[in-house]
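Presented below is the structure to which this report refers.
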Amino acid sequence: MQKSASASSLGPGGLDLSDMFFKPIQNTSPPSPTKRHTKISVIGAGNVGMAIAQTILTQDLADEIALVDAQPEKLRGEMLDLQHAAAFLPRTKIIASTDYTVTVGSDLCIVSAGARQIAGESRLNLLQRNVALFRGIIPPLAKYSPGTILMIVSNPVDVLTYVAWKLSGFPSNRVVGSGTNLDSSRFRFLIADHLDVNTQDVQASIIGEHGDSSVALWSSISVGGVPVLSFLEKKQIPYEKETLEGIHKAVVDSAYEVISLKGYTSWAIGYSAANLARSILRDQRKIHPVSVLAKGFYGIGDGDVFLSLPAQLGRGGVLGVTNVHLTDEEAQRLRKSAQTILKVQSQLGL
């Protein structure tokens, strides 16, 4: 299944217009060898995958997007639907296939495919089904795009990022999970809403597991460059820890609330993934809380575990982990989060 053919010939005789429509320029030189063709592959054409693809398209992040899914009819329908919007979008080639050869030469592969939980199914059983799914996804991506960067969005994202790293054989800097990038956006929104300020003026991060054991970095929150907690203490303005914990709990519960209301989450994770793609492909060197190989950072020393840390992203993938000051309580919670993920990983047999 490829991109719909652009008709360069008309009529029963097949009059070829491609060489007739434009008069060639004389004495031309070949295109600059430094010109780059950027290709992104999105694996999984469900609600999340299509929100990611649509956001990437509208933000003009790629010259080519390849979609892969196991359902050929739905996949072709999604491809055609996006192609039909070509007049309203930047020029991007859109192709789709159930065959992973369509991903060849990708700069970035975003994996959103995942099994859905069956009623009464344990989380571990769901995870094992997703691991089996990844065995059919990750090796072909690594085969056809050996220099690509893998971005994992499928949940549970931290464990599946570890699985993708193991199955791909890639160095750890080229495997990253979307992690708590979206959690941190929700966190910033709730703080901004609480203080009645613009969300973009709030700097705040959630790290650790993308899940119940995540860690809110209250000590590093700032608004307009002003550290919030130290400002309150300096001004002797009282605040209750319960209020802070309530905001963190609202972050953790946000996805569950959206799912209960509309059945799934899509737009926010679409913007989050596109945000990460921009930082990587355009070598922005921005800092994002994303799932990375955490061993050796912040006192995490047991086992190979992926969880979200404030990391600098660029064309080489994960360029480094920021040395953010953590309070003793925050560091302890982060290590506990790592142990939670490691306990799950130990049951996978990888």
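FYI, the numbering just counts along the sequence from 1. Atom set for the values below is all heavy atoms of this structure, side chains included, hydrogens, waters and symmetry mates excluded.
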With no hydrogens and no angle check, do the side chains of [X] and [Y] hold a donor and an acceptor under 3.5 Å apart?
X    : Y    : answer
N275 : H288 : yes
D158 : H210 : no
N181 : S272 : yes
S214 : H248 : yes
T180 : S308 : yes
D99  : T101 : yes

*Between R36 and D63, is the closest basic N to carboxylate O distance under 4.0 Å?*
no

*Is K249 salt-bridged to E245, going by a charged N under 4.0 Å from an acidic O?*
no

Main-chain N/O of [Y] paired to [X] side chain as donor or acceptor, under 3.5 Å:
X    : Y    : answer
S145 : S106 : yes
S337 : E209 : yes
Q312 : R285 : yes
Q345 : D304 : yes
D107 : K39  : yes
Y162 : V292 : no
E330 : T327 : yes
K74  : A45  : yes
Q339 : R335 : no
T340 : K336 : yes

_Within a 6.0 Å radius of atom CD on Q332, are there more than 12 heavy atoms belonging to other residues, nucleotides or ligands?_
no

How far apart are the closest heavy atoms of [X] and [Y], and which atoms are they?
X    : Y    : answer
A164 : L150 : O-CD1, 4.4 Å
L182 : A268 : CD1-CB, 3.5 Å
N130 : A115 : OD1-N, 2.6 Å
G177 : T161 : CA-OG1, 3.4 Å
F297 : L309 : CB-CD1, 3.8 Å
I137 : A113 : CD1-CB, 3.9 Å

Same cluster (ILVMFWY, side-chain, under 4.5 Å), [X] and [Y]:
X    : Y    : value
L293 : V324 : yes
L167 : V305 : yes
L195 : V251 : yes
L75  : V153 : yes

*Start with the C-alpha gap between E78 and D69, add the side-chain angles, then the distance that decides, and say whether side-chain contact (heavy atoms from CB on, under 4.5 Å) holds.*
CA-CA 10 Å; E78 295 287 9; D69 196 274; over 6 Å; no

Got a second to check how far [X]'s [atom1] is from [Y]'s [atom2], nearest 0.5 Å?
X    : Y    : atom1 : atom2 : value
R315 : L108 : CZ    : CG    : 8.5 Å
N47  : Y264 : CG    : OH    : 4.5 Å
R333 : L217 : CZ    : CG    : 11.0 Å
L127 : L160 : CG    : CG    : 6.0 Å

*How are the rings of F187 and W218 set relative to one another: parallel (under 30°), tilted (30 to 60°) or perpendicular (over 60°)?*
perpendicular

_Cation-pi check, R174 onto F170 ring (under 6.0 Å, within 45° of axis)_ = yes

_Stepwise side-chain contact (heavy atoms from CB on, under 4.5 Å) test for S178 and L276_ = CA-CA 8 Å; S178 56; L276 298 175; 4.1 Å; yes

